[in-house]
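Numbered from 1 within each chain, the chains take letters A, B, ... in sequence-line order.
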There are 2 protein chains.
Amino acid sequence: MATLTGVQKAYILHWGEMGTRWGINRTVAQIHALLYLSPRALPAEEIAETLSVARSNVSTSIRELEGWGIVRAVHVLGDRREHYESMKDVWEMFRLVIEQRKRREIDPTREMLRRSLEELDPKEAGVDFTRERLAAMAGFFDAVTELHDQMKSLPTGTVRKLLRMGAKVSGKKKSRAASS
Amino acid sequence: MATLTGVQKAYILHWGEMGTRWGINRTVAQIHALLYLSPRALPAEEIAETLSVARSNVSTSIRELEGWGIVRAVHVLGDRREHYESMKDVWEMFRLVIEQRKRREIDPTREMLRRSLEELDPKEAGVDFTRERLAAMAGFFDAVTELHDQMKSLPTGTVRKLLRMGAKVSGKKKSRAASS
DNA sequence: CAAAACTTTCAGTTCAAACAGAATCTACAG
DNA sequence: CTGTAGATTCTGTTTGAACTGAAAGTTTTG
């Protein structure tokens, strides 16, 4: 079991805390942080020891990380155990997470809004106000979805470049966009 | 106490659930949903009854929503009680929330990464690998921050328009950006 | 200034998510 | 086929966030 340096500890703890704020299990986030900082793939046993959590807890958490597609099992010659490693490309990692969260949270919300707008009873009092609010919310999520779909169609590196300089482009575009 | 229609109930419940997934208290999210759908400002008492939660719970939750800047107290003639209403502009609402979350979560993370990179001990084993990982993560958060700062400087309506058609612009840029 | 109306704070209590450890399952080696 | 190493699932327990109701605080009104 590799002992952690001060910086590594700080990173893992911070990342775990960050996870909880965004609805991600603290241990899951910590394991990801550990693997992200690790130069070699680690067996579950070693992860459990390093972070002082139960082996079973690691098993469940790893499964979730595999579900996000940002951690995978690799095999080491002469060792029957699974070793786990994190994706190293930060941009791709966040792209994956965002894509999944969209699928799990944004899409169902859009569906709920769509169905609600359908179900609105015209005889009900205050229905116009409700419709307006739901439609406004739906419009927002539609726009976010459209943007996401477009980004998805770009090769990974491009997204990074666009995001890096995109802000400046937007600035220049401001007058044109506003007047259109 | 206004009784809720089926659609309103569905929206409030969904929004509450959505909140928990993003690290926002369920009751806080539900109260926001209720106020968002309400054509008039509501007193705390009525919110408590409508959602079946304790009056004190409403008090705390409202305070948090005021903290986000998306709910405010208004006064009704002939009534001493505070009445609460939600901002109705969805885009502005999310802009505010994003801005705050950046301040509360992204900024401290950048700070942690910055400090960690400083503290790295060159004599420690594997320090190069760690530095590389931290730097990559820092680069990502720097880019996100830059984009955010640029968006912040645009008038509200513009952000909406840019986001709506921005995707198409990106699409056209694809070849150019990829080859740069 | 005292009572009334309303709000916030505080001290326990509740509850769901997270967790540990045991039991079970799976794959492989001998 | 049997034993062993490792992974997963299951069940009860723990823990911390969320919540309630009571107490304290604040503002208004007569």
Pairs touching residues 5-19 of chain B that satisfy salt bridge (Lys or Arg N to Asp or Glu O under 4.0 Å), sequence neighbours left out: B:Glu17-B:Arg26
Pairing residues for B:Ser56 by the side-chain contact (heavy atoms from CB on, under 4.5 Å) criterion, not counting sequence neighbours: B:Ala54
Please identify each residue that fulfils ring-ring contact (aromatic ring centres under 6.0 Å, His included) with A:Tyr11, with sequence neighbours left out. A:Trp15
Residues at least two apart in sequence or cross-chain that pass side-chain contact (heavy atoms from CB on, under 4.5 Å) with B:Ile24, listed by chain then number, are B:Val28, B:Ala29, B:Arg101
Taken in chain and number order and not counting sequence neighbours, the residues that satisfy side chain to side chain donor-acceptor pair (under 3.5 Å) with B:Thr27 are none
Contacts of A:Arg81 that satisfy side chain to side chain donor-acceptor pair (under 3.5 Å) - sequence neighbours left out: A:Asp79
What pairs with B:Gln8 under side-chain contact (heavy atoms from CB on, under 4.5 Å), at least two apart in sequence or on another chain? A:Thr130, B:Leu4, B:Thr5, B:Leu37
By a strict heavy-atom criterion of less than 4.0 Å, which residues belonging to residues 66-83 of chain B are in contact with DNA chain C? B:Arg80, B:Arg81, B:Glu82
What string of B, S and - do you get for nucleotides 13-22 of chain D, 5' to 3', if B is base contact, S is sugar-phosphate-only contact and - is no contact with any protein heavy atom under 4.0 Å? -----SSBB-
Where the side chain of A:Ser61 meets the backbone of A:Asn57, is there a donor-acceptor pair that is under 3.5 Å apart? yes
Using a heavy-atom cut-off of 4.0 Å to chain B, what are the terminal contacting nucleotides of DNA chain C, in 5' to 3' order? C:dA5 to C:dT9
Enumerate the side-chain hydrogen bond (donor to acceptor under 3.5 Å, both in side chains) contacts for residues 64-74 of chain B, please, sequence neighbours excluded, ordered by first and then second residue. B:Arg72-B:Glu85
Quick one: side-chain contact (heavy atoms from CB on, under 4.5 Å) partners of A:Glu111, sequence neighbours excluded? A:Arg114, A:Arg115
